[in-house]
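Values reported hereafter were calculated over all heavy atoms of this structure, with side chains retained and with hydrogens, waters and symmetry mates removed. Per chain, numbering begins at 1; letters A, B, ... match sequence-line order.
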There are 2 protein chains.
Amino acid sequence: MTTSAAPLPEEISHTTSQEISEEDFLRLDRQICFSLHAASRAFNSVYRVALKDLRITYPQYLVMLVLWEQGELPVKKLGEHLRLDSGTLSPLLKRLEAAGLVRRERSPRDERSVEVRLTDEGTALRERALAVPRRIVAATALDIEEIRDLRDRLNRLTTALDEAALETPAP
Amino acid sequence: MTTSAAPLPEEISHTTSQEISEEDFLRLDRQICFSLHAASRAFNSVYRVALKDLRITYPQYLVMLVLWEQGELPVKKLGEHLRLDSGTLSPLLKRLEAAGLVRRERSPRDERSVEVRLTDEGTALRERALAVPRRIVAATALDIEEIRDLRDRLNRLTTALDEAALETPAP
DNA sequence: CACAATTCAATTGTCTACAACTAAATGATG
DNA sequence: CATCATTTAGTTGTAGACAATTGAATTGTG
């Protein structure tokens with residue numbers, strides 16, 4: 001137990017954690033961890049149900065959303081949009097190809113690159129996917145404004161977390 | 001294409017989606033999906049860095065948090081706290097046991113149940129873990145009040161999503 | 001032009017997450 | 001008391017995520 005009365009000056013100088021003990025922090029951490037982890041999985045679960053008819057998973061849906069919006073694009077670009085690397089995308093795209101939704105072809109002008117494009121079947125799937133978002137929005141029990149607000153908060157949070165990760169790569 | 005001019009009455013009656021097209025919904029869905037997925041992974045990433053010294057993963061940390069707070073408890077209870085099933089917990093606990101942080105013993109009074117308890121090493125790890133939450137909180141660039149607010153929002157969201165999942169198990 | 005550095009996709013290995021199933025123990029009911 | 005249903009962990013199979021590495025193609029530089 002750290003019962004030392006003197007707070008470390010460099011710790012409290014720029015935070016609002018004046019009278020919060022490490023114990024309280026651990027408790028709050030437990031709560032925010034759980035909440036975030038649970039929310040993420042709950043969302044995943046709702047999408048799983050909503051996407052069952054389309055025979056694709058949630059991450060596969062994310063890929064299709066990008067393709068529907070952007071059209072054909074290389075794996076690299078796809079990864080930048082989704083913040084995913086080839087280790088995740090390669091097998092995922094292979095499964096989408098096996099399902100007949102996309103085609104992968106090496107670019108003729110740069111043989112390192114692989115272009116991902118929708119098949120007719122993949123394009124057609126969009127029509128059926130139009131029913132999904134409404135279901136998700138309804139499931140959140142939030143109205144459009146609250147959802148936009150949540151989106152913005154999450155984006156700011158992600159930006160902050162990314163910056164923090166860059167500042168502390170490996171001490 | 002549903003170009004029918006008449007909106008389906010049961011769709012708009014209890015939502016605020018009056019003038020929002022399916023296309024807009026799809027776009028918003030893309031945004032909220034991405035935001036949530038990205039935030040979840042960014043958090044995961046920050047925890048990964050913060051927990052590297054402790055030699056445990058984020059989900060393993062979640063388990064340890066529960067054990068530090070609750071003491072010894074059966075796998076079942078652990079799963080209820082974390083909303084994880086044995087398919088996830090069994091191998092995870094095996095790894096924590098291999099790392100010398102927990103012990104698993106079948107309960108003498110109910111041989112189906114397996115009690116998970118901290119080893120001395122597992123208990124001791126808590127001291128080092130006390131440094132983690134502050135790092136996480138700092139990384140979010142949010143103050144304590146905002147974090148509590150986020151926690152509450154996420155909890156409400158999870159509750160809503162869970163309820164929606166129950167209402168639509170398989171049509 | 002030749003050689004080194006970089007880029008890109010894919011692979012390997014580890015760790016979740018979850019559905020579906022198995023096996024063992026316990027409880028309930030006729 | 002014997003049989004059936006339920007509870008509890010664990011296993012298997014599939015899919016994501018990510019670090020680390022590989023191999024091929026391209027670019028940059030001397």
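- Residue-level contact check: B:Leu89 touches neither bases nor backbone, having no heavy atom under 4.0 Å from any strand.
- For B:His37 and A:Tyr58, the distance between ring centers is under 6.0 angstrom.
- B:Glu97 has a carboxylate O that lies under 4.0 Å from a charged side-chain N of B:Arg104, or vice versa, which qualifies the two as a salt bridge.
- Protein atom CG of B:Leu82 is 13 Å distant from nucleotide atom C1' of C:dT16, rounded to whole Å.
- We find that B:Arg148 and B:Glu145 are joined by a salt bridge, their nearest charged nitrogen and carboxylate oxygen being less than 4.0 Å apart.
- Taking atom CZ of B:Arg109 as the reference point, atom C1' of C:dG27 lies 17 Å away to the nearest angstrom.
- Base contact: B:Arg95 has a heavy atom under 4.0 Å from a base atom.
- B:Asp110 comes within 4.0 angstrom of the backbone, heavy atoms only, and of no base.
- One atom, CZ of A:Arg104, and another, P of C:dC8, lie 17 Å apart when rounded to the nearest Å.
- Scanning all heavy atoms of the two residues, the minimum distance from A:Ala38 to B:Arg83 falls at CB-CD, 4.1 Å.
- In this structure, B:Leu84 CG and B:Leu78 CG are separated by 8.0 Å, a value rounded to the nearest 0.5 Å.
- Ion pairing of A:Arg126 with B:Glu23 is present here, as a side-chain N (NZ or NE/NH1/NH2) and a carboxylate O approach within less than 4.0 Å.
- For the segment residues 60-70 of chain A, residues with any heavy atom less than 4.0 angstrom from an atom of DNA chain D are, sorted by number, A:Gln60.
- For CZ of B:Arg27, the number of neighbouring non-hydrogen atoms (other residues, nucleotides, ligands) closer than 6.0 Å is 12 at most.
- Not one N or O on the side chain of B:Glu80 forms a donor-acceptor pair closer than 3.5 Å with the backbone of B:Lys77.
- The residues A:Arg30 and B:Glu69 are annotated as salt-bridged, a charged nitrogen and a carboxylate oxygen being separated by less than 4.0 angstrom.
- With salt bridges taken as basic N to acidic carboxylate O contacts below 4.0 Å, one links A:Arg103 and A:Glu105.
- Note on B:Ser113: only backbone sugar-phosphate atoms sit closer than 4.0 angstrom, heavy atoms only; bases stay farther off.
- The distance from atom CZ of B:Arg55 to atom C1' of C:dC15 is 15 Å, rounded to the nearest whole Å.
- Computed from coordinates, the B:Leu51 CG to C:dC15 C1' distance equals 14 Å when rounded to whole Å.
- For B:Thr57 and C:dT16, the shortest distance from a side-chain N or O to OP1 or OP2 is below 4.0 Å.
- Proximity of A:Lys94 to the phosphate of C:dT11: a side-chain N or O atom is located under 4.0 Å from OP1 or OP2.
- Taking for each of B:Glu111 and B:Tyr58 the nucleotide of DNA chain C with the nearest heavy atom, the 5'-most of the two is the partner of B:Tyr58.
- Between A:Arg41 and the phosphate of C:dA17, there is no side-chain N or O to OP1/OP2 separation shorter than 4.0 Å.
- To the nearest angstrom, C1' of C:dT16 lies 17 Å from CZ of B:Arg83.
- Residue contacts shown for B:Pro74 are limited to sugar-phosphate atoms, with no base heavy atom under 4.0 Å away.
- Look at CG on B:Asp85: it is 12 Å from C1' on C:dC21, rounded to the nearest Å.
- Bracketed by its first and final contacts, the part of DNA chain D lying under 4.0 Å from non-hydrogen atoms of chain B reaches from D:dT7 to D:dC18 in 5' to 3' order.
- Within 4.0 Å (heavy atoms only), B:Leu84 reaches sugar-phosphate atoms of the nucleic acid but no base atom.
- Positionally, the nearest nucleotide of DNA chain C for A:Lys77 lies more toward the 5' end than for the other of A:Lys77 and A:Ala42.
- Taking atom CZ of B:Arg106 as the reference point, atom P of C:dA25 lies 8 Å away to the nearest angstrom.
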